[in-house]
Asker: 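Please read through the structure below; I'll follow up with questions.
Atoms within each ligand, like the ligands themselves, are counted from 1 in listed order.
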Amino acid sequence: MDPRRAAVVPRRAASAAEARALVGEEGAAIVSGIADEQAAIAFARAMLGEDLRRVGRQIEASRSAAARDGAIARAQPADARGRRRDLSADTTVPMPPHNDGFAFGDEAPDRLLLLQVRPARTGGENFLLDGLALLGEVPADLRRFAWSVPVDHSEPGFPQSTPSPIARTTPGNRVQVRHHEFLAPVRGAAEVDQWPFLEAWHAAADTARDGGARFRLEAGEMAVVDNYRMLHGRHGYDDPQRLLYSIWGWTTDAVAVPSGDLDFVGV
Ligand SMILES: [Fe+2]
């Protein structure tokens, strides 16, 4: 049992059709020659065709954006568990492995494009973990817990009313495996017994991140990702010029497609 085996270096795709096939089979692909955000969105449209329901840039990942969003989040009230978000978390440490948009529950995007506009001079390598493979590298009792016990996926400031298991097969027959730092048991008597499973899930994800394969996206390269199946993030960096766009896509397979703007920062 070795969680590091869940870390994936995506293969390179030479066309939108090849990228689509790789993402379907292996969870991710890398494409190159993407000049800007518009080109990234055009690629998503070419790749997903009539299956694409919605696409748009959601996050500018840079030190300056982190500082701006962090100041807003720091002023927001703590949630019922006393938790706050740190959107300006020190960029020199690795990010927690996560699916983008976890705060939006069923409306999280099922496709994700990570466009490297400008890489860090050093550091900032990307990692991708195959959530399904990760579940195969944890003890059977944790695997059972992940598939069967509904947990709370709420992020501070974004309460979700409907708990659901870490892993599930969606109505569109897609496997969804979730990980982020705010996973918590549903409040109640079973809470004490459930925390150790969540802590073990965090430990498995961190082991895969820290000991597994990583890769570097150069300028104009883009990772195309199944955001349901894969967890992603980056290792530490301190280059103020680093810039990556996170572009979210929803297909006909998505559990739910949001109709309005998605604001993950809040006011
Ligand atoms: Fe992300």
Side-chain angles (χ1 to χ4, degrees), residues 6-10 23 27-30 34 37 40-41 44 54-70 72-73 85-105 107-120 123-131 134 153-158 160 166 176-183 201-202 205-206 208-210 212 214-217 221-237 242-250 254 258 262-266:
V8 169
V9 177
V23 173
I30 294 176
I34 307 294
E37 182 183 335
I41 288 173
R54 172 177 173 155
V55 65
R57 195 234 292 178
Q58 183 68 30
I59 297 168
E60 173 191 317
S62 65
R63 267 198 3 188
S64 56
R68 179 194 66 215
D69 296 345
I72 296 170
R85 301 181 301 160
D86 184 1
L87 298 179
S88 61
D90 181 1
T91 63
T92 64
V93 299
M95 295 177 81
H98 63 281
N99 323 81
D100 258 15
F102 59 82
F104 300 109
E107 293 189 335
D110 64 321
R111 290 288 185 252
L112 172 65
L113 309 173
L114 299 170
L115 173 61
Q116 188 80 72
V117 180
R118 187 162 175 171
E125 300 92 345
N126 299 84
F127 62 84
L128 275 167
L129 313 179
D130 181 341
L134 190 60
H153 296 260
S154 299
E155 185 177 20
F158 296 83
Q160 292 178 44
I166 286 169
Q176 190 175 25
V177 182
R178 276 80 66 86
H179 180 268
H180 60 85
E181 62 194 292
F182 297 111
L183 289 170
W201 184 231
H202 291 316
D206 288 352
R209 174 193 66 192
D210 295 340
R214 56 185 77 179
F215 57 98
R216 183 176 163 87
L217 292 174
E221 292 187 327
M222 181 167 75
V224 187
V225 179
D226 178 344
N227 188 52
Y228 277 3
R229 171 174 161 185
M230 311 294 282
L231 314 173
H232 70 275
R234 52 118 193 96
H235 290 274
Y237 74 96
R242 182 199 191 253
L243 179 60
L244 178 142
Y245 288 145
S246 176
I247 296 166
W248 293 2
W250 290 259
L262 292 175
D263 176 7
F264 81 100
V265 178

Asker: Identify the residue among Leu115, Leu114, Val117 that makes a side chain to side chain contact (heavy atoms under 4.5 Å, CB included) with Leu244.
Answerer: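 So, applying the side chain to side chain contact (heavy atoms under 4.5 Å, CB included) to Leu244 and each of Leu115, Leu114, Val117, only Leu114 qualifies.
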
Asker: Hey, are His232 and His98 close enough side-chain-wise for a donor-acceptor pair under 3.5 Å?
Answerer: yes

Asker: Working to the nearest 0.5 angstrom, can you tell me the gap between Ile247 CD1 and Met222 CE?
Answerer: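 Atom-to-atom, Ile247:CD1 and Met222:CE are 6.5 Å apart.
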
Asker: Taking the six-membered ring for Trp, are Phe127 and His235 parallel (under 30°), tilted (30 to 60°) or perpendicular (over 60°)?
Answerer: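 Perpendicular: the ring planes of Phe127 and His235 meet at over 60°.
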
Asker: Give me the protein N, O or S atoms that fall under 2.8 Å of the Fe ion (ligand 1), sorted by chain and residue number.
Answerer: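 Less than 2.8 Å away from the Fe ion (ligand 1) sit His98 NE2, Asp100 OD1, His232 NE2.
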
Asker: Mind checking whether Phe102 and Phe182 have parallel, tilted or perpendicular rings, split at 30° and 60°?
Answerer: tilted

Asker: At their closest point, which heavy atom of Gln116 faces which heavy atom of Leu243, and how far apart are they?
Answerer: NE2-O, 3.3 Å

